[in-house]
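The chains referred to below are lettered A, B, ... by the order of the sequence lines, with proteins before strands, and numbering in each begins at 1.
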Amino acid sequence: MSYAYLFKYIIIGDTGVGKSCLLLQFTDKRFQPVHDLTIGVEFGARLVTIETKPIKLQIWDTAGQEAFRSITRSYYRGAAGALLVYDITRRDTFNHLTTWLEDARQHSNSNMVIMLIGNKSDLEAKREVKKEEGEAFAREHGLVFMETSAKTSDNVEEAFINTAKEIYEKIQEGVFDINNEANGIKIGPQHSTGNNSIPGGNNRSNGNGCC
Amino acid sequence: MSDSEVEFESADEGSQGGDGWEIESDFDLPDVKPLSVESKLIGPTLSALSNVSDKVNTEQNFKRENENTKQSEKNDASSAVAMAQSKLDKLVVNNDNCTQPGPKVSEVVQNEIKQTNTQGWGGWSSGWSVNSLLSTASALTNQVSQGITNVIGAPAPEQLASVDKDKEIKDLKEPKVNDELTEESSESILDTNYFLSNVSQITKIVETTGSKIISGGLDTLETVGKKTLEVLQDGDPGLRKKRAIFFQNTEKINLSQVLQEAKEKAEVESKQNNQVEIRKGYAYLLDSFQGLIHLESLELLSKQCQMKLQTVLLSYSGTQLTDIQDKLDQIKDLCYLDYDDDEKIMTIEEFKNSLITCINQISTDVKIEKILRVSHLIDEKSNKEFDSEDSIHDEAISALAELTAAAMELFYKLGEMIMIDTQNQLVTVKAEKLSLLNESVCCRIRFIANKYASLLTKYDADGTSNNISDVYLESSNSSSYIQDAAQLLIPILQLSVI
């Protein structure tokens, strides 16, 4: 239960691409072929280790349905990482990526790490989107890319953990101000006193602009 | 002053509702004995500032703040000495040019300081770091005072401070009086321990100067605020009333935040004691059952709806507005839970039936399987054999936290569904059912508490341990969290009728 950092993730993408299944596979290591439609947002959490540091991932799995769109946008705020998911067997889900990305960029902090995920890689026979297309999209928009299968658990761990690594690196580089919770990062309870000297942590000097 | 109070009461009458009516805190007048008109003015500013400081608290790590304050106080002291020196220099000029009768002004400031002492700077001393306040105050003093003096006619804070400084110099000649004064203000504003250990003359001077700059700054701020409000009201005479109606609960502290802090505090405390203790904490359990995060999301939804509601309402006027207002009040009243029967309990069967009825009327897309499963498991667990009194206690707390968390999730999901539901002709029915749902969960909580309490009684016939009262305490906590969460659904329902 003790952790050095807590990272907030969001999972976004069209309805039915397997967002909830990815979360279930990552947190519970199981696959549930029939899943209730997500209402609003579901939560999951898991402890991972990045460079010997225990890190708690708090994952907000959002509803993909259009009806919830305006609500789910408000959950983007304060996320350190995002998994943008499409279904490799449904081209329309790939085509909608630009909208999702614009939405995410607009409603979240600019440093948020976004991982592009082509899910359902086990359904090779039904594939409609080539891996190269996903890679190209990711390159073009500066995302990290991975194909996963929530069913076989292929690459699922990696997707979540690589995102965490990237965030962790950004913290080390001082890109994230870890004391600003709007960045989706919290310092663990037992680390809260000793870490004041970490880059970006010194916000005492500009206390004048409070009003 | 008295005018505005009267106005407020009339605005108040129109919209006083079931749950705690709150006056906008920037108008909030604490009970201040009328020492003088000027000293009374400081009240609103103080509360506004402590309000700001509350917000700062939520954003910044509490502990770090305190530590930093201590570390930086020394640096601060030296810079403040310089400031004090410059004040002293100015003082000479001021003494010669002072147009206002000296004694009167210093009396005012004196009163303010007394006021300050009696009121206690509650909000400040907790989290607001003194040095940032000082620098804010002095920055304000420098930038704003000039303009204020000319435009509004408020005495410049520098002037106030320096006039008072004049008095202080006299006081210095009578050390006894001065000591008293400084002692008091140091207690009210700053960390007492620190100052008790550093009783040097310089610190005292610096500090009094500091507090005087603050009071001067407050005066300016206050005048600016009043002027702004006057200007606003000139253009829109009904503003006060509108604000009172529309922005009722905006300053309410987030429940989830309070819980989160309680949890963290408990974590830290139990860390110091031993590892096993952590498992017991109610707030910790509530969080680990994902109660807090669902509550947080519900708060987010509720706030969003509240804001939309305000925007929509502002576009109406006259009878249209009163009609809508009536509708909204009706929904609010329906959601209000009657506390008449606080002995009522529900069996698991009754609970299930009640839930099904509610869900069918509100939104069938929301699944109640989870809360039923949780409730069932709790029931099963409470029937097993326990090997110790402590294990009963722990199980009871865990059961209460888990059911509360499940209720939070249910309320949140219902909120989401109500929000996207387009067929809204049955809002009043929904409101009624939500109230029933609320009651049902509370009944169930009561049932669990009673059951565990009776189990505990067998172990503790003479009632020497705190376990039973602990269980009842957490059960009443659970009930109030659930009721608060249900209240958060009101704006969501209200928005759906407009």
Side-chain angles (χ1 to χ4, degrees), chain A residues 1-3 6 8 27 35-45 47 56 58-63 65-78 177-183 186-198 201-211, chain B residues 49 52-53 55-56 58-65 67-69 71-72 128-129 131-136 138-140 221 263-265 267-268 271 275 278-279 284 287-288 290 292-294 296-298 300-301 303-305 363 365-367 369 409 412-417 419-422:
Chain A
M1 75 135 264
S2 65
Y3 52 86
L6 181 145
K8 177 184 161 183
T27 55
H35 212 281
D36 284 336
L37 277 175
T38 306
I39 294 171
V41 58
E42 292 278 346
F43 302 99
L47 207 62
K56 186 175 177 180
Q58 185 192 75
I59 304 146
W60 297 44
D61 166 32
T62 63
Q65 269 179 302
E66 187 61 39
F68 290 106
R69 258 323 240 295
S70 69
I71 312 171
T72 46
R73 272 191 204 109
S74 50
Y75 300 121
Y76 294 5
R77 253 190 83 238
D177 176 1
I178 52 166
N179 291 310
N180 182 354
E181 283 190 12
N183 283 328
K186 270 191 215 170
I187 309 166
Q190 78 278 35
H191 292 255
S192 53
T193 44
N195 278 345
N196 283 343
S197 57
I198 277 174
N202 188 14
N203 53 9
R204 301 281 317 130
S205 52
N206 49 11
N208 283 345
C210 67
C211 307
Chain B
L49 267 169
V52 173
S53 89
K55 278 177 191 156
V56 172
T58 60
E59 279 165 22
Q60 296 194 355
N61 190 309
F62 221 79
K63 279 207 153 171
R64 188 167 50 77
E65 187 82 39
E67 237 166 58
N68 275 354
T69 313
Q71 282 166 2
S72 54
W128 183 277
S129 92
N131 67 344
S132 80
L133 238 178
L134 272 177
S135 55
T136 314
S138 65
L140 240 149
L221 265 179
K263 192 203 90 188
E264 273 160 20
K265 198 178 151 204
E267 266 173 18
V268 173
K271 266 256 145 59
Q275 209 71 25
I278 297 171
R279 309 260 160 238
Y284 170 79
D287 183 51
S288 66
Q290 296 191 329
L292 278 184
I293 202 157
H294 281 111
E296 216 175 287
S297 313
L298 181 58
L300 198 84
L301 269 191
K303 248 185 230 158
Q304 259 187 354
C305 289
S363 170
D365 286 322
V366 177
K367 303 283 174 254
E369 277 80 9
E409 183 170 350
Y412 161 68
K413 297 280 174 187
L414 286 171
E416 289 272 2
M417 287 316 293
M419 222 172 145
I420 66 159
D421 193 4
T422 45

Parallel, tilted or perpendicular for A:Tyr75 and B:Tyr412, by the 30°/60° rule? perpendicular
CD (B:Glu416) and CZ (A:Phe68) are apart, to the nearest 0.5 Å, by 6.0 Å
Proximity breakdown for A:Gln58 and chain B, heavy-atom pairs closer than 4.5 Å: side chain
Contacting moiety of B:Leu300, where chain A heavy atoms sit under 4.5 Å: side chain
Non-hydrogen atoms of [X] and [Y] that approach each other most closely:
{"X": "B:Met419", "Y": "A:Ile71", "result": "SD-CD1, 3.9 Å"}
{"X": "B:Ser297", "Y": "A:Trp60", "result": "OG-CZ3, 4.2 Å"}
{"X": "A:Ala67", "Y": "B:Ile420", "result": "O-CG2, 3.4 Å"}
{"X": "A:Ile39", "Y": "B:Lys413", "result": "O-NZ, 2.8 Å"}

More than 12 heavy atoms of other residues, nucleotides or ligands under 6.0 Å from CZ of A:Arg77: is that the case? no
Test side chain to side chain contact (heavy atoms under 4.5 Å, CB included) on A:Glu42 and B:Gln290 and set out the steps. CA-CA 10 Å; A:Glu42 292 278 346; B:Gln290 296 191 329; over 6 Å; no
